[in-house]
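For reference, the structure is listed below as structure tokens.
We count ligands from 1, going down the list as the structure has it; atoms in each ligand are counted the same way. What you are looking at is a predicted structure, and each value in this text was computed from that prediction instead of being measured.
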Amino acid sequence: MLVIGATGNVGREVIKTALNQGLKPVAAVRNITKAKKDFGEDLSMVKFDFYDRNTWFKALEAQKFLFLLRPPAISEVEETLNPFIDVAKQAGIEHIIFLSVAGAEKNKFIPHRKVEDHLISLDAHYTILRPGFFAQNLQDAYRLDIIESDRIMVPAGHTPVNWIDVRDVAEVATLILRNPFAHAGKAYTLAGPGPVLWEEVVESLSDVLGRDIQYQAVSIPRYIFHLKKRGLSRGAIIVQTIIHVLLRLGQGAIEDNTLERLLGHPSRTIETYIRENAEIWQI
Ligand SMILES: NC(=O)c1ccc[n+]([C@@H]2O[C@H](COP(=O)([O-])OP(=O)(O)OC[C@H]3O[C@@H](n4cnc5c(N)ncnc54)[C@H](OP(=O)(O)O)[C@@H]3O)[C@@H](O)[C@H]2O)c1
């Protein structure tokens, strides 16, 4: 199986889970030297870049399955992911697992939806995963605020969010890989155990870290000012702001037990994720 985004949150866990289950994933990476330092010499790797078509066919060679995701910085999927899917089909890929996002079926403007539609129109053998809000955002977007100022400050109000651990997403991906035909043509919304208040998240962080972590539901202008000070690009500021406004409107408060049903065990809680990863937010 070729894994796109292998150095990121989800791809990394897909690789790890697949290896643990005795499968032989191949990591598609932009920089092999850097990835080798990260993963070691044993993992199979191939150079791949959505913006370099010369890498596409070679990366797909001898592969039957593809784990595909849209890197957050890529919005023009018509020139990247969609033609890559066409090439994957020509190269003989039998099944594509595409990481989309919860709610994509109701929003025809987001890039994930354009990829979903393309997969469906081609009748390529596919399974679409639509996960909710990642627990791992706490180690990405919120990490510096937690470490430097003991707080999470976002314009998400006080609406609860159902956090999903990407390790569970990876487990679903490898489960599909074991029997792709049973999941062909299906789309699964994947969620954690249930919506959790931001105040509960910071309470778990405070307990585990032994410091008082605060939640600040800030205004949009204050948040934008904060992200500007952090040096984020205009595009990233817009995306982050939209994400949190949608969370405030309840988009992250989904309830869905598909993940539990597929895996046959409860999904990981945000509290478990925090407890198992405390070193990430240690000063
Ligand atoms: N965050 C959430 O809560 C959430 C929830 C649901 C769905 N999602 C979706 O999940 C996806 C992001 O997954 P993630 O968190 O695993 O992403 P991530 O951690 O940001 O990783 C992105 C990966 O894409 C690779 N990449 C970047 N540009 C590339 C290019 N031009 N060609 C090939 N590879 C490239 C990166 O490689 P390098 O190491 O070379 O940069 C990295 O491996 C997005 O589509 C997002 O919308 C996110």
Looking only at protein heavy atoms, identify the closest one to atom 8 (N) of ligand 1 and say how far it is in Å.
Phe134 CZ, 3.5 Å

Provide the number and element of each atom of ligand 1 under 4.0 Å from a heavy atom of Asn137.
1 (N), 2 (C), 3 (O)

Please confirm whether Asp49 comes under 4.0 Å of ligand 1, counting heavy atoms of the residue only.
yes

Contact with ligand 1 for Pro131, non-hydrogen, under 4.0 angstrom
yes

Nearest heavy atom to atom 20 (O) of ligand 1: which of Pro72, Ala135, Ala170 does it belong to?
Pro72

Is it the case that atom CG in Asp123 sees more than 12 heavy atoms from other parts of the structure closer than 6.0 Å?
no

protein heavy-atom neighbour closest to atom 40 (O) of ligand 1 works out as Arg30 NE, 2.9 Å

With atoms numbered from 1 as shown, which atoms in ligand 1 lie under 4.0 angstrom from a non-hydrogen atom of Val101?
6 (C), 7 (C)

Atom 37 (O) of ligand 1: closest protein heavy atom, distance to 0.1 Å, is Thr7 OG1, 3.1 Å

Would you say His112 contacts ligand 1, with heavy atoms under 4.0 Å as the rule?
yes

Would you mind checking which non-hydrogen protein atom is closest to atom 33 (C) of ligand 1, with the distance to 0.1 Å?
Phe50 CD1, 3.6 Å

Can you confirm whether His125 is buried at NE2, in the sense that more than 12 heavy atoms of other residues, nucleotides or ligands lie under 6.0 Å from that atom?
no

In this structure, OG1 of Thr258 is separated from CG of Leu263 (nearest 0.5 Å) by 10.5 Å

Within the structure, is a non-hydrogen atom of Gly132 found at a distance of less than 4.0 Å from ligand 1?
yes

Does CG in Asn179 sit with more than 12 non-hydrogen atoms of other residues, nucleotides or ligands closer than 6.0 Å?
yes

Would a line drawn from the ring center of Tyr126 to the ring center of Phe98 be shorter than 6.0 Å?
no

Below 4.0 angstrom from a heavy atom of Leu99, which ligand 1 atoms are there? Numbered from 1 as shown, please.
10 (O), 11 (C)

heavy-atom search around atom 11 (C) of ligand 1 in the protein gives Arg70 O, 3.7 Å

Of all the heavy atoms in Ser100, does at least one lie under 4.0 Å from an atom in ligand 1?
yes

closest protein heavy atom to atom 19 (O) of ligand 1 is Asn9 N, 2.9 Å

Provide, to 0.1 Å, the distance between atom 23 (C) of ligand 1 and the closest protein heavy atom, together with that atom's residue and name.
Gly5 CA, 3.6 Å

Look up atom CD in Glu200 and atom OH in Tyr215, then write down how far apart they are to the nearest 0.5 Å.
12.5 Å

Give, for atom CG of Leu23 and atom CG of Leu177, the distance between the pair rounded to the nearest 0.5 Å.
6.0 Å

Taking the basic N atoms (NZ, or NE/NH1/NH2) and the acidic carboxylate oxygens, is any pair closer than 4.0 Å for Arg12 and Asp38?
yes

Report, in ascending order of atom number, the atoms of ligand 1 lying under 4.0 Å from any heavy atom of Pro71.
24 (O), 26 (N), 27 (C), 28 (N), 29 (C), 35 (C)

For atom 21 (O) of ligand 1, what's the nearest protein heavy-atom neighbour? Residue, atom name and distance, please.
Gly8 CA, 3.3 Å

Heavy atom under 4.0 Å from ligand 1: found in Val166's side chain, backbone, both, or neither?
neither

In Å, rounded to the nearest 0.5 Å, how long is the span from CG of Leu227 to NE2 of His244?
8.5 Å

Of Lys64, Gln63, Lys89, which meets side-chain contact (heavy atoms from CB on, under 4.5 Å) against Glu94?
Lys64

Would you indicate whether the side-chain heavy atoms of Tyr273 and Gln139 approach each other to under 4.5 Å?
yes

Go through ligand 1 atom by atom and flag the ones less than 4.0 Å from a non-hydrogen atom of Val10.
16 (O)

As an exercise, state the distance from CZ of Arg178 to CZ of Phe65, rounded to the nearest 0.5 Å.
11.0 Å

Looking only at heavy atoms, which two atoms of Ala6 and Phe39 are closest? And how far apart?
O-CZ, 3.3 Å

Which of the ligand 1 atoms, numbered from 1, are nearer than 4.0 Å to a heavy atom of Tyr51
31 (N)

